[in-house]
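A short write-up of the structure that comes next.
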Protein chains: 2
Amino acid sequence: MNMNKSENATGPGGNETSDISKARLRAWLQILKVSRKIEGELREKMRVEFGSTLPRFDVLAALYRERDGMRMSELSKSLMVSNGNVTGIVDRLVAEGLVVRLPVENDRRASIVRLTEAGEKDFAERALVHESWVSDLFSDLSSSDADALIRILRTISHHNEAPHHD
Amino acid sequence: MNMNKSENATGPGGNETSDISKARLRAWLQILKVSRKIEGELREKMRVEFGSTLPRFDVLAALYRERDGMRMSELSKSLMVSNGNVTGIVDRLVAEGLVVRLPVENDRRASIVRLTEAGEKDFAERALVHESWVSDLFSDLSSSDADALIRILRTISHHNEAPHHD
DNA sequence: CATAGATATTTCAAACTTAAAATATTTGTG
DNA sequence: CACAAATATTTTAAGTTTGAAATATCTATG
């Protein structure tokens, strides 16, 4: 818990919080508000237009970037969700014929998940429409504000980066 | 789907997307990344330190702002989640003794949810700790960047405000 | 006053999500 | 080689979330 003198000028014995702390809380609540609203809109569109869901789209997107496929654990790390979560979503994508599970040479514990041809084709089409949805939802965001937003958010996510083990 | 000439200078017949559209998509992905990461950290802390969850904290926070209590539908609108969702979370908070459901005069369909004394006390304590967690997670966020972030996010959420019915 | 439509909430089924336990397999160490 | 520790994944239980259907109640209109 950050208690620098410079950042916390609360009176002796008081338990108020500093101005900067409150500003950060407001910033967080605003991030939460926007991401909930946008996610809700996109979920609805995914459901109505594609008969699909955001989590499945996210998995397809990750696999589209890695055409040779990814391990379950790589997917889970890339999407920042639990292992067990990925298992269920991949199960459904397999049932839909959009991805396949392939065995890994020399490691029978692991498996590689890869887009099928249908999955690749479906995702390519959906990705364009998805981008247009996002652009419309963010149509008030100018180019310079987009850059500023990305820069600021990066400073936050870098701070909270998982520490690497060397 | 926004297809202004000025914003989309893709060649004839091409289905590429504009630069501004891509910038907005990147911005959205970055928002998503940060909010997932922060939410994960806060969920973990809530679980370990308070033996509770974020959705419950959110309900308590809304009720703490409205000491006279809120209807289920008001809670649901305020938190931007479905009615059925609120039912379940309030059920658990009732079981924990932190909130109560009260009947509404002249409307037997509705009910008011209110913090109990224990709920008020618990939330007041937790809110301070919660704010310090957020401040720490956002410790790289300067005051001016916090202001810029809030301003930019507000333009986005205002655009996507639910249109009112007059 | 009857009753059709509107409103408030709950119930339900399906999907998503997590954390922890269980399984299966591989790797490193004596 | 034996086998303990590490790794990859799945399973499980509990909670969250949605959208739609079901209930219960209220309101307005004839």
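Naming: A, B, ... by sequence-line order, numbering from 1 per chain.
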Could you list the donor-acceptor pairs under 3.5 angstrom formed by side chains in residues 107-114 of chain B, with sequence neighbours left out?
unit_1, atom_1, unit_2, atom_2, d
B:D107, OD1, B:R109, N, 3.1
B:D107, OD1, B:R109, NE, 3.0
B:D107, OD2, B:R109, NH2, 3.0

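- Side-chain N/O atoms of B:R47 include one lying less than 4.0 angstrom from OP1 or OP2 on C:dA20.
- For B:E74, the side chain to side chain contact (heavy atoms under 4.5 Å, CB included) test picks out B:M70, B:R71, with sequence neighbours left out.
- In this structure, B:R126 is positioned above the aromatic face of B:F50, its NZ or CZ under 6.0 Å from the six-membered ring centre and within 45° of the axis.
- Legend: residues meeting salt bridge (Lys or Arg N to Asp or Glu O under 4.0 Å) with A:R65, ordered by chain and number and at least two apart, are absent.
- The pair A:D58-B:R36 counts as a salt bridge, with a side-chain nitrogen and a carboxylate oxygen less than 4.0 angstrom apart.
- Rounded to whole angstrom, the span from the CE atom of A:M80 across to the C1' atom of C:dT18 amounts to 15 Å.
- Residue B:E105 contributes atom CD, which lies 16 Å from atom P of D:dT25 at whole-angstrom precision.
- Atom CG of A:L79 and atom C1' of C:dC16 are 13 Å apart (whole Å).
- The interatomic distance linking B:R43 (CZ) with C:dT17 (C1') rounds to 7 Å, in whole Å.
- In the hydrophobic clustering, where aliphatic and aromatic side chains (Ile, Leu, Val, Met, Phe, Trp, Tyr) are joined below 4.5 Å either directly or transitively, A:V48 stands alone.
- One finds a side-chain N or O of B:R101 lying less than 4.0 angstrom from the OP1 or OP2 phosphate oxygen of C:dT10.
- A:E39 comes within contact range of no nucleotide atom at all, as no heavy-atom separation falls under 4.0 Å.
- Look at CZ on A:R108: it is 5 Å from P on C:dT25, rounded to the nearest Å.
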Interface polar pairs with nucleotides 4-6 of chain C, N/O, under 3.5 angstrom:
none

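- Less than 4.0 Å separates DNA chain C from at least one heavy atom of each of the following residues of residues 82-91 of chain A: A:S82, A:G84, A:N85, A:I89.
- Salt-bridge annotation for A:E44 and A:R47: present, with a side-chain N of the basic residue lying under 4.0 Å from a carboxylate O of the acidic one.
- Evaluation of the salt bridge (Lys or Arg N to Asp or Glu O under 4.0 Å) rule for A:E120 yields A:R67 as partners, not counting sequence neighbours.
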Enumerate donor-acceptor pairs with a distance under 3.5 Å from any side-chain N or O in residues 86-100 of chain A to protein atoms, sequence neighbours excluded.
unit_1, atom_1, unit_2, atom_2, d
A:T87, OG1, A:N83, O, 3.4
A:D91, OD1, A:R101, NH2, 2.1
A:R92, NH1, A:G88, O, 3.4
A:E96, OE1, A:R56, NH1, 3.3

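- Here A:R36 does not reach the OP1 or OP2 of D:dT16: none of its side-chain N or O atoms lies under 4.0 Å away.
- Rounded to whole Å, the distance from CG on A:N106 to P on C:dA24 is 21 Å.
- Distance CD (A:E41) to P (D:dT18): 13 Å, rounded to an integer number of Å.
- With sequence neighbours left out, the side-chain hydrogen bond (donor to acceptor under 3.5 Å, both in side chains) criterion links B:R43 to no other residue.
- Shown here are the salt bridge (Lys or Arg N to Asp or Glu O under 4.0 Å) partners of B:E125, two or more places apart in sequence or in another chain: B:K121.
- With rounding to whole Å, A:M46 atom CE is found 14 Å from D:dG19 atom P.
- Using a 4.0 Å cutoff on non-hydrogen atoms, the parts of residues 49-75 of chain A near DNA chain C are A:T53, A:P55, A:R56, ordered by number.
- Counting only residues at least two apart or on different chains, the ring pair (Phe, Tyr, Trp, His ring centres under 6.0 Å) pairs with a member in residues 62-84 of chain B are B:Y64-B:F123.
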